[in-house]
Amino acid sequence: MTTSRPVRVTVNGVHYEAMVEPRMTLVDFLRGELGLTGTHVGCEHGVCGACTVLLNGQTVRSCLMLAVQADGASLMTVEGLSREGKLHPIQEAFMEEHGLQCGFCTPGFLMSTLELLQHHPDPTDDEIKEALGGNLCRCTGYQSIIKSVHLAAEKKALRLPHWIG
Amino acid sequence: MAVATIKTPADLPVSAPRFVGKAVNRVEDPMLLTGRVEFIDNVVVPGMLHCAILRSPYAHARIKSIDVREAEKLPGVVAVITGEDAKRWSNPMSTIPEGWGGYCLATDKARFMGEPVAAVAATSRYVAEDALDLITVEYDPLPAVVDALKAMEPGSPLLFEEKGTNVILHRLFTWGDVDHAFRGADRVFTEKFRWNRLGANPMETFGCVIQWDVLDGTITCRGSIQAQSFYAIALAFTLGLPTNKVRVISHPHGGSFGGKGNPRGLTIAALVSRKAGGRPVKWIEDRMEYLAAGGSQSWDRHYEVSLAAKADGTLTGLKVTLVDNLGATAEGAGAISTGKPLAAFTGCYTIPVAQYDLTIVATNKLYQTAYRGMGPPPHFWVLEQMMDIAARGLAMDPAELRRKNYIPADRFPYTIPSGNEYDSGNYVAALDAVLAMGHYRQLREEQAAARKQGRYLGIGVVNTIEPGVFDWNAYAIVGMQGTGVPEGATVAIDIVGKFIVKIGFSLEGQGQYTVITQVLADYFGVDLDDIRVVPLDSVSAPPHFGPGGSRLGVAITGAVLGAAQLLTEKLVKVAARLLQTDPANVELMDGKLRIKGMPEAAMTVAQVAGAMLGRSDLLPPDVDPNPQATYVWTAPGRTVADEQGRAKSYLTAANACHLVLVEVDPETGKVEILKYFIADDCGTRLNPANVEGMIQGGVAQGVSAALLEEYIYDEDGQLLTSTFMDYLLPTIYDAPMTEKRSLETLSPFTPLGAKGCGEGAMHTAPAAVMCAINDALAPLGVQAREVPATPKRLWTLIQEKRA
Amino acid sequence: MKPPRFDYATPTTVTEAVALLKQHDTEAKILAGGQSLVPLLNMRLTRPGILIDLGRIPELNYIREADGAIVIGAMTTKRSVEDSDLVKSRQPLLHAATVLIGHVAIRNRGTVGGSLAHADPAAEYPAVAVALDAELRAMGPNGARSIKAADFYVSYLTTALEPTEILTEVRFPVLPSGAGWSCMEVARRHGDFAMAGAMVTVTLARDGRCSAARIVLFGVGAVPLRAAAAEQVVIGQKPSEKVFQDAGQKAADAAEEPMSDTHASAEYRRYLAQVMTRRALAEAVSRAGRAA
């Protein structure tokens, strides 16, 4: 019989504690236990990137992590981007450049873009592709996504919210 | 009551459209960007259980016994069902053609790897999958057949023994005197082609939350469903319920491309809900389930094509023989995909006669389903390659051979041999636009220079028709009945003048809510924020279909404009009374109901609606005090298909011309796309950003069809490409960045002159890439006739030639 | 696709981890970055009784230079390797191999030790280890030991590690000054596993002849394949197209049993081995300086 373990995380600046089975994946924890359903499940084997979140400031595929591995970590999901009803500059950029259609892959792209802009505030096309190469989009064909990232860079969308580790 | 079609944006009752034709930001986006849209897996309802499905590991096997006792005992498991429950409580899944299918759960035998065999409802998906581990099934494996040609041979294993054959359908369609044309031709070009299975793969798989309340006899079903009313009817028939007892609520979903939806999964979840005493059951298809057994696989084809030509390049006839490997049953929309090519059988060309020899075969692969394009993408892939074969054979430039055979711009509406009518088009303009954009002459020089350096560059110039606004009669040849696909909308104004539009579909990604908002904002002269689009469920919404067949942009525009016009009639009557004049003297313009010739004698739409709802004393007696109207749009002028399948089916014929430059590395077989130019024409572009999104998305899928995507089965029917490690979707590196130019040849038949464009570049891109690859390979004496043109396939062709 | 039940332990020292391995024997599986293991768990292709998570052992996370080698702790992430200035400047072949692996999010979690121990035939790290004559350090119940990379890869997904041993560190000897290097592969898409690839290092003498060469193929057999006969073709010769071609042919010949899968046949892999060897040699030579 496997025993539940504690998972203590900060997500988007809010502290949570729960007891979960070790086998629960991080994405199921975020969506099911914490009700943060903005992060999506696309493949459950680490290829599509729809489940991408930030863990201690770095992108991770939350379908490839167990929730217990995140104990003690500071996470950010798409819900943490907009504040008080205002879209984050990255989200504005994606809207203005039509960088989304169905929106299912979008939270993952936003997280990957956020990480990219930390390291490359004015990225080249190659740097954008490198950063987003692990996020699949079936709708847009990516061209408008690249434009969205350039626009986000122009909007100086590089500062992580203060509560990110 | 019919309303007049508003033919162009200039005909809208506004001095200058502020929104129609502009790339306005989408109204859907803020909710999508913040992750607040309610995709189906976000839904939690009280008492909800989670379903997992046990699937056959064999492609073909008798089911001798199923023991579920250990599974039933597992803590957290509430219900377990098998094929016996399916037989008891449901009908077989409906199929097209009829009679080639079975129940949602395999009963006597399994016919494809992944076929559902049993299902569990438990307190979590984790526990439900634990329960599957405890179910024991005794299988008696049978020989499997996966090759369509082998499945047609006598002695082949049979999918349905009682049928005595695996051939589901064989028909020969002859449109005009084809034999005469071929006998009299100067040149006849013939080639064989193989298009391998691929499919939609939206980023969100299918899912549903369904509750079968047996006492009440009703079903409530939420799901990532593209066409809710049709799912509702299908579900009612399958479960033997009256159709008005089934309520389907379509949730915003993460793409579809035709291959979203799993009627079996829906039915299974309903059955397990019933077994669990009517508790709601959630079933989320996981990716491996989708790939093996979902709406994931399409277009498994063997072609033989002949093109007849005169010595001067005039094409005189086309023969297409198609053997289509439908898979284990005829459920899903696979057979339909063999019918749609009739809508544009001869492409952009004046080919006067044609023949279609169609055989649909059952094998132990997954049953095919719809995918973007619905059949023409492989058809154009062969037709356009035949054009290049003919061009080479006639020593003509491939662009010029096409130009020579285009339907001239002044011959529209034009009826093609297979019966459909193209509404309008200017193919020469599209060709010239793309050749200019790509500097075609320079590309040929670049190609020649590279050749001298030992590099193999190839150029593809390809054009297709992109049929839009589908109708049932397009699929008559495989047994689909009826004409007229409805799309209804209700436009309502409230007492302060804000608008609500009620429709029958949810978000899928194409931006229709924005188009609706743009059109109505310009029609009534209000701001985008004054309008709210609200999706209703299958029992509440006016008759509808939803997205599909490149129809919704046109259809929903027609519906909202129709409702707007009916509503305006009421507003005019009321305003006339309030302005003390005759209704014939009142018009709507720039958001005001005003007396013609006296623009200062006017009332705003809000004022009139407010009066209707709040000042009954002022209203004329012959108007119902309801500032709301409903209109159902269907394509005008549809006809019933004749015995050769000829009908006016798809209403619009958008077209596109793609010019592609590729390089093939003969040592590795890898293909790199160097340049990609597109000229496309879909009439009025209601939102140019939406259209570009459809095009670029279609390009990524089309290029990937040509190079990456394939479902591979081994001889025993085992699916080898069972995860995203092996079924390869295009990444940001694989989708070429394209340069686009748009032309606008309006449709004379549609609201605002727009043509359906949603399936867009998927019709054209596979052909464009393939023709470019073959142009690159030509100096090596090698031609590729199979997709995807993987590095291994190209390398093998090159090596075999060298040997 | 949900994992089956398992128990879970979070040792904070290597000794503790080894003790757990010994205690649970075949029921135990090591969780490092999880990028290879968790998909298998999600698909229920592996059903361990207990997962031993090495992620709470701080002493296994480091990159430093010592005794002419770049020394990396087994739980160092590939991202750390990618970002390391030390690796970029002193071990460029390792850096070049790292950026070919998967995508950013995978490298943020995937570990050096995990990749080396997992031993996927198409992975870059095992090939780099063999190409650089790396030394792998392991800790078991009987203490620590060193295993040379050439001896580490035994067969398909199988290394010389005992079931009760944990990889703790890898030492990548720094290449001689002026050595040229190349890492070249063919994959279906950027970031995918290679269908075939070659890691090459060369050193040129003052007269321009090749004084040393190392050619290691990956993706063409169950384990990284050192193409010794191909190396012999190159050593002592002045680099030229003909030399590269002959070496490529010898490399292809050495690939006796390449695997066939949905992406590539055995024959095609063998041919790619030849092409990659040739192109990697050319690139390595172009990077090489002349010996002082």
Side-chain angles (χ1 to χ4, degrees), chain B residues 50 52 74 122 124-130 132-133 196 205 284-291 665-672 704 707-714 718-735 788 790-796 798-800 802, chain C residues 1-6 35-36 39-45 47 100 102-106 120 122 184-198 219 241 244-245 248-249 252 258-280 282:
Chain B
H50 298 259
L74 185 69
S124 78
R125 178 62 178 248
Y126 288 72
V127 171
E129 290 190 15
D130 293 341
L132 297 187
D133 287 340
N196 284 297
T205 57
I284 303 296
E285 184 182 52
D286 65 42
R287 184 58 64 176
M288 290 184 75
E289 288 185 291
Y290 177 77
L291 290 168
D665 180 340
E667 288 197 305
T668 62
K670 287 212 77 171
V671 175
E672 198 187 333
S704 185
L707 296 176
L708 287 173
E709 295 179 44
E710 182 180 355
Y711 290 99
I712 302 175
Y713 283 84
D714 71 11
Q718 293 295 303
L719 179 63
L720 301 178
T721 49
S722 59
T723 71
F724 276 168
M725 303 295 289
D726 292 303
Y727 187 87
L728 304 179
L729 290 179
T731 70
I732 201 168
Y733 287 98
D734 304 295
T790 63
K792 177 178 75 167
R793 283 204 173 105
L794 294 185
W795 176 83
T796 304
I798 295 168
Q799 291 304 109
E800 282 172 356
R802 284 190 175 149
Chain C
M1 287 160 69
K2 307 300 180 192
R5 282 211 168 90
F6 49 80
Q35 305 302 282
S36 300
L40 296 177
L41 287 169
N42 287 347
M43 296 184 211
R44 299 199 175 205
L45 288 175
R47 294 167 186 265
L100 289 173
H103 304 286
V104 171
I106 304 266
D120 190 296
M184 216 167 270
E185 63 177 53
V186 181
R188 292 295 301 279
R189 298 169 306 178
H190 185 101
D192 283 346
F193 279 111
M195 291 189 283
E241 260 306 309
F244 299 155
Q245 235 156 283
Q249 190 54 59
M259 297 185 307
S260 253
D261 60 17
T262 58
H263 302 301
S265 62
E267 208 189 1
Y268 175 53
R269 281 200 155 88
R270 198 177 285 119
Y271 190 91
L272 286 179
Q274 183 224 115
V275 176
M276 290 297 100
T277 300
R278 222 184 65 229
R279 294 185 184 177

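Bear in mind the structure is a predicted one, so any value in this text is a computation, not a measurement. Protein chains get the first letters and strands the later ones, always in sequence-line order, with residue 1 at the start of each.
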Student: Identify which part of B/Thr796 has an atom lying under 4.5 Å from any heavy atom of chain C, answering side chain, backbone, both or neither.
Tutor: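 Answer is neither: B/Thr796 stays 4.5 Å or more from chain C.
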
Student: Of the backbone (N, CA, C, O) and the side chain (C-beta and beyond), which part of C/Arg44 lies under 4.5 Å from a heavy atom of chain B, both, or neither?
Tutor: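 The answer is the side chain of C/Arg44.
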
Student: Is it the backbone or the side chain of C/Asp192 that comes under 4.5 Å from a heavy atom of chain B, or both, or neither?
Tutor: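 Contact with chain B: side chain only.
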
Student: Going by the angle between their ring planes, with limits at 30° and 60°, are C/His190 and B/Tyr733 parallel, tilted or perpendicular?
Tutor: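 Parallel: the ring planes of C/His190 and B/Tyr733 meet at under 30°.
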
Student: Given heavy-atom pairs under 4.5 angstrom as the criterion, report whether the side chain, backbone, both or neither of C/Pro39 touches chain B.
Tutor: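 Contact with chain B: none, neither part.
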
Student: Please report the interatomic distance CE(C/Met43) to OG(B/Ser722), rounded to the nearest 0.5 Å.
Tutor: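 Those atoms lie 7.0 Å apart.
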
Student: Is chain C contacted by the side chain of B/Asp734, its backbone, both, or neither, given a heavy-atom distance below 4.5 Å?
Tutor: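 The side chain, not the backbone.
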
Student: Hey, could you give me the CZ/OG distance between B/Arg793 and C/Ser265, rounded to the nearest 0.5 Å?
Tutor: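 Nearest 0.5 Å value for the CZ-OG distance: 11.5 Å.
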
Student: With the threshold set at 4.0 Å, does a side-chain nitrogen-carboxylate oxygen contact exist between B/Asp133 and C/Arg47?
Tutor: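 Here B/Asp133 pairs with C/Arg47 in a salt bridge, since their nearest N and O are under 4.0 Å apart.
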
Student: Heavy-atom cut-off 4.5 Å, strictly under: side chain, backbone, both or neither for B/Tyr727 against chain C?
Tutor: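 It is neither, since no heavy atom gets under 4.5 Å.
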
Student: With respect to chain C, which residue among B/Thr721, B/Asp726, B/Thr731, B/Ile284 yields the maximal number of heavy-atom pairs within a distance under 4.5 Å?
Tutor: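 Most heavy-atom pairs under 4.5 Å with chain C: B/Asp726.
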
Student: Which pair of heavy atoms, one from C/Arg188 and one from B/Pro791, lies closest together, and at what distance?
Tutor: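 Smallest interatomic distance, heavy atoms only, reads NE-CD, 3.7 Å.
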
Student: So does B/Asp665 pair up with C/Arg279, basic N to acidic O under 4.0 Å?
Tutor: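 A salt bridge is present here (some side-chain N lies under 4.0 Å from a carboxylate O).
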
Student: State the CG-CE distance between C/Asn42 and B/Met288, to the nearest 0.5 angstrom.
Tutor: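 Separation between the atoms: 10.5 Å.
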
Student: How long is the gap from CD on B/Glu285 to CE on C/Met1, to the nearest 0.5 Å?
Tutor: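 So the gap between those two atoms works out to 12.0 Å.
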
Student: Select one option (side chain, backbone, both, neither) describing which atoms of B/Leu708 are under 4.5 Å from chain C's heavy atoms.
Tutor: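 Contact with chain C is through both the backbone and side chain of B/Leu708.
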
Student: Do NZ/NE/NH1/NH2 and the carboxylate oxygens of C/Lys2 and B/Asp130 come within less than 4.0 Å?
Tutor: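 Salt bridge absent between C/Lys2 and B/Asp130.
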
Student: Scan B/Ile712, B/Thr790, B/Asp714 and name whichever one has a side-chain contact (heavy atoms from CB on, under 4.5 Å) with C/Thr262.
Tutor: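 Exactly one option meets the side-chain contact (heavy atoms from CB on, under 4.5 Å) with C/Thr262, and it is B/Ile712.
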
Student: Quick check on B/Gln799 against chain C: is it the side chain, the backbone, both or neither that has a heavy atom closer than 4.5 Å?
Tutor: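 The side chain, not the backbone.
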
